[in-house]
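Worksheet: one structure, shown below.
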Amino acid sequence: MTTKLIAIDLDGTLLHSDNIISDYTVDIIQKVRKQGHHIIIATGRPYRMAIDHYKRLDLDTPMITFNGSLINIPGKEWEYEQSVTLDKTYLFEILKSRELYQLDFIASEYRKNFFITLDYPEQITPALFGVDCITEQMRLKPDKITQNPNALLMQTRAADKYALATTIREHFKNGIEVASWGGPLNILEVSPKGVNKAFALAHLLKVYDRTPDDLIAFGDEHNDTEMLHYAKVGYAMKNANLALLPFANEQLRHTNEEDGVAKQLEKLFL
């Protein structure tokens with residue numbers, strides 16, 4: 001059997017709502033790995049918010065974070081590493097409109113650090129950024145932004161985060177990507193134009209000398225659309241956003257809370 005690249009989203013897909021990967025899922029993924037298949041985390045999360053889950057699964061494959069902007073093998077120098085950044089002028093423009101967009105915060109994200117607006121500090125969950133608390137040193141000020149970020153992370157009070165994502169894209173004449181996170185949080189992520197999970201997976205398929213026919217993908221949200229469409233077989237979770245279903249080959253019978261990914265992998269490979 002030809003070994004596969006198996007791309008798996010985190011939030012709303014692999015993770016339970018308490019941010020945990022079950023022991024059952026870890027066990028199944030390890031057994032699938034032993035058959036020679038490549039497990040690839042593909043998430044909108046920042047690198048530092050995905051690395052613990054990567055370690056929990058004991059992976060050694062490349063990891064896709066920032067919705068495709070960063071591809072690297074954690075802890076290793078890798079000649080095929082790819083980091084795509086967003087022109088910082090987009091950040092400055094969004095900062096001017098943060099009240100119009102009803103944003104609780106805007107975070108300028110880099111691999112190892114971030115800067116965040118503190119207009120509504122009570123609305124910020126530090127755990128989203130892998131820290132215990134938000135400090136003054138993390139405050140986003142224009143003079144701190146000397147490098148282009150990998151992505152922008154925003155939390156909105158708008159009732160419809162999907163409509164807001166469309167509004168922001170249109171404001172910038174579709175010059176950027178604006179995607180939503182899975183799960184209940186009103187989180188939007190801004191990435192460079194043309195960058196998404198499929199973009200990153202295309203890079204990995206070249207590295208592994210494979211084609212999309214060798215790719216299986218699992219997701220639940222808008223930012224998984226391109227990935228599921230690109231893969232030979234794309235699975236939408238039972239709890240997936242309805243907008244994702246036209247791009248999936250199949251909707252699973254189980255949710256993320258029910259370990260839907262692991263149950264499907266067990267069915268396919270074990």
Side-chain angles (χ1 to χ4, degrees), residues 10-12 17 19 43-50 65-70 84-196 220-225 241 243:
L10 288 179
D11 293 277
S17 59
N19 199 42
T43 179
R45 286 185 174 218
Y47 173 86
R48 67 184 171 280
M49 289 302 296
T65 51
F66 295 115
N67 219 39
S69 294
L70 177 63
V84 184
T85 58
L86 180 75
D87 192 314
K88 59 184 181 291
T89 58
Y90 288 112
L91 167 60
F92 298 144
E93 285 299 312
I94 291 174
L95 281 171
K96 295 176 185 177
S97 302
R98 59 186 182 270
E99 289 302 326
L100 175 65
Y101 296 151
Q102 301 180 64
L103 300 179
D104 291 330
F105 63 75
I106 305 169
S108 184
E109 293 274 7
Y110 307 86
R111 184 185 310 197
K112 295 183 178 180
N113 70 316
F114 66 94
F115 299 110
I116 187 169
T117 57
L118 298 179
D119 302 317
Y120 302 95
E122 71 283 357
Q123 299 299 325
I124 301 173
T125 303
L128 275 177
F129 299 92
V131 297
D132 294 327
C133 63
I134 301 296
T135 67
E136 181 61 30
Q137 289 182 325
M138 300 171 185
R139 183 188 290 271
L140 197 164
K141 295 181 179 179
D143 60 357
K144 291 182 178 179
I145 309 301
T146 58
Q147 295 182 322
N148 291 333
N150 283 102
L152 307 179
L153 201 65
M154 310 184 296
Q155 179 173 288
T156 178
R157 301 182 301 279
D160 189 337
K161 62 181 176 181
Y162 307 111
L164 179 59
T166 298
T167 296
I168 296 173
R169 280 193 296 268
E170 290 176 348
H171 174 83
F172 291 103
K173 297 179 171 49
N174 292 306
I176 55 176
E177 306 292 344
V178 186
S180 57
W181 274 21
L185 295 175
N186 268 11
I187 299 291
L188 297 178
E189 184 180 30
V190 179
S191 304
K193 178 66 177 177
V195 172
N196 51 52
D220 76 303
E221 259 295 352
H222 280 66
N223 65 335
D224 299 312
T225 297
N241 190 302

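The distance from the CE atom of Met154 to the CG atom of Leu91 is 10.0 Å, given to the nearest 0.5 Å. Atom CG of Leu86 sits about 7.5 Å away from atom OG of Ser69, to the nearest 0.5 Å. Residue Tyr90 holds its OH atom at 10.5 Å from NE2 of His171, rounded to the nearest 0.5 Å. The OG1 atom of Thr117 lies 6.0 Å from the CZ atom of Arg98; values are rounded to the nearest 0.5 Å. Rounding to the nearest 0.5 Å gives a distance of 8.5 Å between CG of Leu153 and CG of Leu188. Summarising the geometry, atom OG1 belonging to Thr43 is positioned 8.0 Å from atom CG belonging to Asn67; distances are rounded to the nearest 0.5 Å.
Evaluation of the salt bridge (charged side-chain N to carboxylate O under 4.0 Å, His left out) rule for Glu189 yields no partner, not counting sequence neighbours. Residues meeting the side chain to side chain contact (heavy atoms under 4.5 Å, CB included) test with Thr125, sequence neighbours left out: Ala127, Leu128. By the side chain to side chain contact (heavy atoms under 4.5 Å, CB included) test, Asp104 is found to be paired with Gln123, Gln155, Arg157, residues two or more places apart in sequence or in another chain being considered. For Lys88, the side chain to side chain contact (heavy atoms under 4.5 Å, CB included) partners are Phe92, Ile145, Asn148, Pro149, not counting sequence neighbours. For Thr225, the side chain to side chain contact (heavy atoms under 4.5 Å, CB included) partners at least two apart in sequence or on another chain are Leu244, Phe247. With sequence neighbours excluded, the residues that form a side-chain hydrogen bond (donor to acceptor under 3.5 Å, both in side chains) with Asn19 are Arg45, His53. Residues that satisfy the salt bridge (charged side-chain N to carboxylate O under 4.0 Å, His left out) test with Asp160, not counting sequence neighbours, are absent from this structure. For Lys96, the salt bridge (charged side-chain N to carboxylate O under 4.0 Å, His left out) partners two or more places apart in sequence, or in a different chain, are Glu93. Thr146 meets the side-chain hydrogen bond (donor to acceptor under 3.5 Å, both in side chains) test with no other residue; sequence neighbours excluded. In terms of the side-chain hydrogen bond (donor to acceptor under 3.5 Å, both in side chains) criterion, residue partners of Ser17 (sequence neighbours excluded) are, by chain and number, Glu257. Annotation: side-chain hydrogen bond (donor to acceptor under 3.5 Å, both in side chains) contacts of Asn196 (sequence neighbours excluded): none.
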Given side-chain contact (heavy atoms from CB on, under 4.5 Å), test Leu118 with Ile124 step by step and report yes or no. CA-CA 8 Å; Leu118 298 179; Ile124 301 173; 3.8 Å; yes
Give the C-alpha distance, both sets of side-chain angles, the deciding distance and a yes or no for side-chain contact (heavy atoms from CB on, under 4.5 Å) between Lys141 and Phe115. CA-CA 8 Å; Lys141 295 181 179 179; Phe115 299 110; over 6 Å; no
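Looking only at atom types and distance, the side chain of Asn150 has no donor-acceptor partner in the side chain of Tyr47 under 3.5 Å away.
In this structure, His222 and Tyr162 have parallel ring planes: the angle between them is below the 30° cut-off, well short of the 60° mark.
For the ring-ring contact (aromatic ring centres under 6.0 Å, His included) condition, the pairs that include at least one residue of residues 118-158, sequence neighbours left out, are Phe105-Phe129, Phe114-Phe129.
Side-chain contact between Leu140 and Leu95 is present, with heavy atoms from C-beta onward closer than 4.5 Å. Residues Ile176 and Lys193 fail the side-chain proximity criterion, which asks for heavy atoms closer than 4.5 Å. Counting heavy atoms from C-beta on, the side chains of Ile168 and Tyr101 come closer than 4.5 Å.
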